[in-house]
Amino acid sequence: ATPAPATPEAAPATPATPVASEEDDWAKVKAAIWPAEVQQRAQAFLRDHPGSRFDGSAQAALEGAQEAARILQRPDVRLFRSAFQLPEGMPEEQRHDIVRAARGDKDAAARLGRNYLKDAGNGPYATRYEGWMQYAAALGNGIASYELSGFYRAADQPQLASRFESRSRELGYTPPPSLDNVRK
């Protein structure tokens, strides 16, 4: 009798490591609100899913969030993480603007600032208005910079008013002519 041929032993089963799906990772990028978090998730997405159909959007989110994060570290922009929260009951349009602003959208940041303008006489609202408008101006919104100069002028802060009016011109905004001169 001939011995039976040896059968190769089966390799022990290794647990399959779950690979996050492209859609799940993209949803994480979209759900991020704080610019540093957007940046981190977009970088991870681009690293983990090269050639994805979302590459262009992920790259745009990354670049916008990088600029936003740099701006938020500046001492002249007083806007903090709490401004990027989505409280219960916040209108959907404002929620979308916060997400856009976290990705460097200068117009969304200005709209958010203007939402606080009507209540700007109250301490926290004035601070939030000022912070969002500083952020919008730093992102390159000339109109927001000019509006902020008017806010500072009304608050009797002529140096800040002058600074933001000059900045608005640098950004290409031409302020309307002043009507406070007396005709002769």
Side-chain angles (χ1 to χ4, degrees), residues 20 22-49 54-152 154-155 157 159-161 163-164 167-168 170-171:
E22 179 180 346
E23 288 79 16
D24 290 344
D25 285 350
W26 179 242
K28 290 176 185 175
V29 174
K30 287 176 35 177
I33 298 170
W34 181 240
E37 183 183 3
V38 174
Q39 184 178 341
Q40 175 190 19
R41 289 184 180 182
Q43 285 172 333
F45 181 86
L46 290 167
R47 179 191 66 235
D48 295 344
H49 305 284
F54 299 115
D55 271 2
S57 297
Q59 188 63 42
L62 173 62
E63 291 170 7
Q66 286 173 328
E67 180 182 14
R70 277 192 305 275
I71 287 170
L72 289 168
Q73 291 176 355
R74 292 174 29 180
D76 62 327
V77 176
R78 293 185 306 245
L79 191 64
F80 307 102
R81 188 175 189 139
S82 62
F84 288 85
Q85 302 304 307
L86 300 175
E88 196 68 35
M90 175 181 269
E92 196 62 29
E93 189 172 306
Q94 283 180 285
R95 297 170 75 84
H96 287 297
D97 277 344
I98 288 176
V99 170
R100 289 181 191 115
R103 287 150 178 79
D105 186 324
K106 65 184 179 181
D107 298 324
R111 282 190 300 272
L112 288 163
R114 288 183 196 112
N115 287 330
Y116 290 98
L117 183 60
K118 61 184 168 276
D119 298 318
N122 303 329
Y125 293 111
T127 301
R128 194 56 61 90
Y129 167 79
E130 182 180 11
W132 277 114
M133 297 308 265
Q134 289 169 342
Y135 180 62
L139 286 169
N141 188 313
I143 296 170
S145 187
Y146 182 73
E147 290 173 10
L148 190 55
S149 75
F151 175 78
Y152 286 131
Q157 296 182 30
Q159 288 180 324
L160 286 172
R163 181 174 141 214
F164 280 95
R167 175 78 174 133
S168 72
E170 290 169 10
L171 293 170

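No hydrogens, no waters, no symmetry mates; every other heavy atom, side chains included, goes into these values.
Applying the 6.0 Å contact sphere to CD of Gln43 captures more than 12 heavy atoms from other residues, nucleotides or ligands. Atom CD of Gln85 has more than 12 heavy atoms from other residues, nucleotides or ligands within 6.0 Å.
Nearest approach of Gly142 to Ser168, heavy atoms of both residues: O-CB, 3.2 Å. Across every non-hydrogen atom of Gly131 and Val77, the tightest pair is O-CG1, 4.4 Å. Summarising the geometry of Ile33 relative to Ile98, their closest heavy-atom pair is CG2-CG2, 3.6 Å, with the distance given to 0.1 Å. Closest approach of Ala61 and Val38 over heavy atoms only: O-CG1, 3.9 Å. The two residues Ala136 and Ala144 make their nearest non-hydrogen contact at CB-CB, 3.7 Å.
Annotation: side chain of Leu72 is in contact with side chain of Leu79 (closest heavy-atom distance under 4.5 Å). Using a 4.5 Å heavy-atom cutoff, the side chains of Arg163 and Gln159 are not in contact.
Not counting sequence neighbours, the partners of Phe45 by the ring pair (Phe, Tyr, Trp, His ring centres under 6.0 Å) test are Trp26, His49. Judged as a side chain to side chain contact (heavy atoms under 4.5 Å, CB included), and not counting sequence neighbours, the contacts of Glu92 are Arg95, His96. For Glu23, the side-chain hydrogen bond (donor to acceptor under 3.5 Å, both in side chains) partners at least two apart in sequence or on another chain are Arg53. Scanning for side chain to side chain contact (heavy atoms under 4.5 Å, CB included) contacts around Arg111 gives Asp97, Arg100, Asp107, Ala108, Arg114, with sequence neighbours left out. For the ring pair (Phe, Tyr, Trp, His ring centres under 6.0 Å) test, residues two or more places apart in sequence or in another chain that qualify with Trp34 are Phe84.
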Test log, rule side-chain contact (heavy atoms from CB on, under 4.5 Å), inputs Leu148 and Arg167: CA-CA 10 Å; Leu148 190 55; Arg167 175 78 174 133; over 6 Å; no

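Formation of a donor-acceptor pair under 3.5 Å by the Tyr135 side chain with backbone atoms of Ala101 is found in this model. Side-chain N or O atoms of Ser145 include one that pairs as donor or acceptor with a backbone N or O of Phe164 at under 3.5 Å. Under the 3.5 Å distance criterion, the side-chain polar atoms of Glu37 are left unmatched by any main-chain donor or acceptor of Ala32.
Within the structure, the side chain to side chain donor-acceptor pair (under 3.5 Å) test picks out the following pairs touching residues 66-75 (sequence neighbours left out): Arg74-Asp76.
No side-chain donor from either of Ser57 and Arg103 sits under 3.5 Å from a side-chain acceptor of the other. In this model, a donor atom of one side chain and an acceptor atom of the other lie less than 3.5 Å apart for Glu130 and Tyr152.
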